[in-house]
Peer 1: 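One structure is given below, represented as structure tokens, and several questions about it will come after.
From a predicted model like this one, the values you see are computed outputs, not experimental measurements.
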Amino acid sequence: MATVRIQKYLSQCGIASRRKAEELIKKEEITVNGEIAKIGSTVSSEDIVKYNNKVVKPLSSLHYVALNKPLGYITSTKDQFGRKTVLDLVPKNINVYPVGRLDYNTTGLLLLTNDGELAYKLAHPKHETAKTYIVEITGNITPTNLTQLEQGVCIGSYLTKPATVKIIATNPTTLQLIIKEGKNRQIRKMIQAIDHKVITLKRVAIGNLQLGNLKQGDYKYLTKKEVTDLCFTKNRITRS
């Protein structure tokens, strides 16, 4: 293997996305040849890289799983309070981790993979991956509210980027809302900014990947076409 930055190496090992790998490095949980790794360090196949004192190596196969996250699960690999995580819903032997997050009370499409490059591409704001949600809210929404959401609203000190919004039902008011960013609890904060509250929130698409008829708590392996539609190189795909 050619020399690569430690963050990329960890993503190729299925440990975490490059962004998350940086957090592990900052926490001094990664060592290279017995020394604590530094962000920007480079490694090759001759180096011994360890995470939590266990040697990690690049994966021989990549896995892509779509999960319909139910209520009451956290989007994490583990929880210090013993709550259920989304990894409890998928096979233990495929070593995947969630891309992005859905909060405790949000349901819907979640991608899990050990492909750090794809995880980075989907999660990084510069790639502007569209995420589609169905949200039921309190009260009746006004044309002014729609314009606010479409042009951007202030959530704290942050102005959201323009969103695509469509009313798909009334009583309760139900919106289809598409955003290309992913701030913490962003949809809920956007709805609060227009003086409404979220009743239910479900993500139904990530890019071209659709939730479809997948039932809550169920998962499926992505097909090659589905991964390709997520703008990833076909020849890197290995079905599990």
Peer 1: Which value, rounded to the nearest 0.5 Å, describes the distance between Gln186 atom CD and Leu177 atom CG?
Peer 2: 9.0 Å

Peer 1: In terms of hydrophobic clusters joined by side-chain contacts under 4.5 Å, are Tyr219 and Val86 together?
Peer 2: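 Same cluster.
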
Peer 1: Tell me the closest heavy-atom pair linking Arg185 and Asp103, and the distance in Å.
Peer 2: NH1-OD2, 3.6 Å

Peer 1: Please say yes or no: joined through hydrophobic side-chain contacts below 4.5 Å, possibly via intermediate residues, are Leu146 and Ile155 part of one cluster?
Peer 2: yes

Peer 1: State yes or no: do Ile178 and Ile141 share one hydrophobic cluster built from I, L, V, M, F, W and Y residues joined by side-chain heavy-atom distances below 4.5 Å, directly or via other members?
Peer 2: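 No, because Ile178 and Ile141 fall into different hydrophobic clusters, even though each may have its own neighbours under 4.5 Å.
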
Peer 1: Look at the side-chain heavy atoms of Ile, Leu, Val, Met, Phe, Trp and Tyr, link any pair under 4.5 Å apart, and say whether Tyr97 and Leu67 land in one connected group.
Peer 2: no

Peer 1: For the residue pair Asp88 / Tyr73, report whether a side-chain donor-acceptor contact shorter than 3.5 Å exists.
Peer 2: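 No, no side-chain donor-acceptor contact under 3.5 Å.
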
Peer 1: Quick one: do the Asn68 and Asp218 side chains pair a donor with an acceptor below 3.5 Å?
Peer 2: no

Peer 1: Is it the case that atom CD1 in Ile39 sees more than 12 heavy atoms from other parts of the structure closer than 6.0 Å?
Peer 2: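 More than 12 heavy atoms, drawn from other residues, nucleotides or ligands, come within 6.0 Å of this atom.
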
Peer 1: Tell me yes or no: between the side chains of Arg188 and Thr106, is some donor less than 3.5 Å from an acceptor?
Peer 2: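 Per modelled atom types, Arg188 and Thr106 side chains form a pair under 3.5 Å.
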
Peer 1: Between CG of Leu175 and CD1 of Ile187, what distance do you get to the nearest 0.5 Å?
Peer 2: 9.5 Å

Peer 1: Report the C-alpha separation of Glu181 and Tyr158 in whole Å, then their side-chain angles, then the decisive distance to 0.1 Å, and conclude whether the side-chain contact (heavy atoms from CB on, under 4.5 Å) test is met.
Peer 2: CA-CA 12 Å; Glu181 52 191 338; Tyr158 179 77; 2.4 Å; yes

Peer 1: Output, in order, the C-alpha distance, side-chain angles, deciding distance and verdict of side-chain contact (heavy atoms from CB on, under 4.5 Å) for Val55 and Val49.
Peer 2: CA-CA 6 Å; Val55 176; Val49 180; over 6 Å; no

Peer 1: Same hydrophobic cluster for Ile15 and Tyr120, using side-chain heavy-atom links shorter than 4.5 Å among ILVMFWY?
Peer 2: no

Peer 1: Run the salt-bridge test on Arg5 and Glu22 with the 4.0 Å N-O cut-off and return the result as yes or no.
Peer 2: no

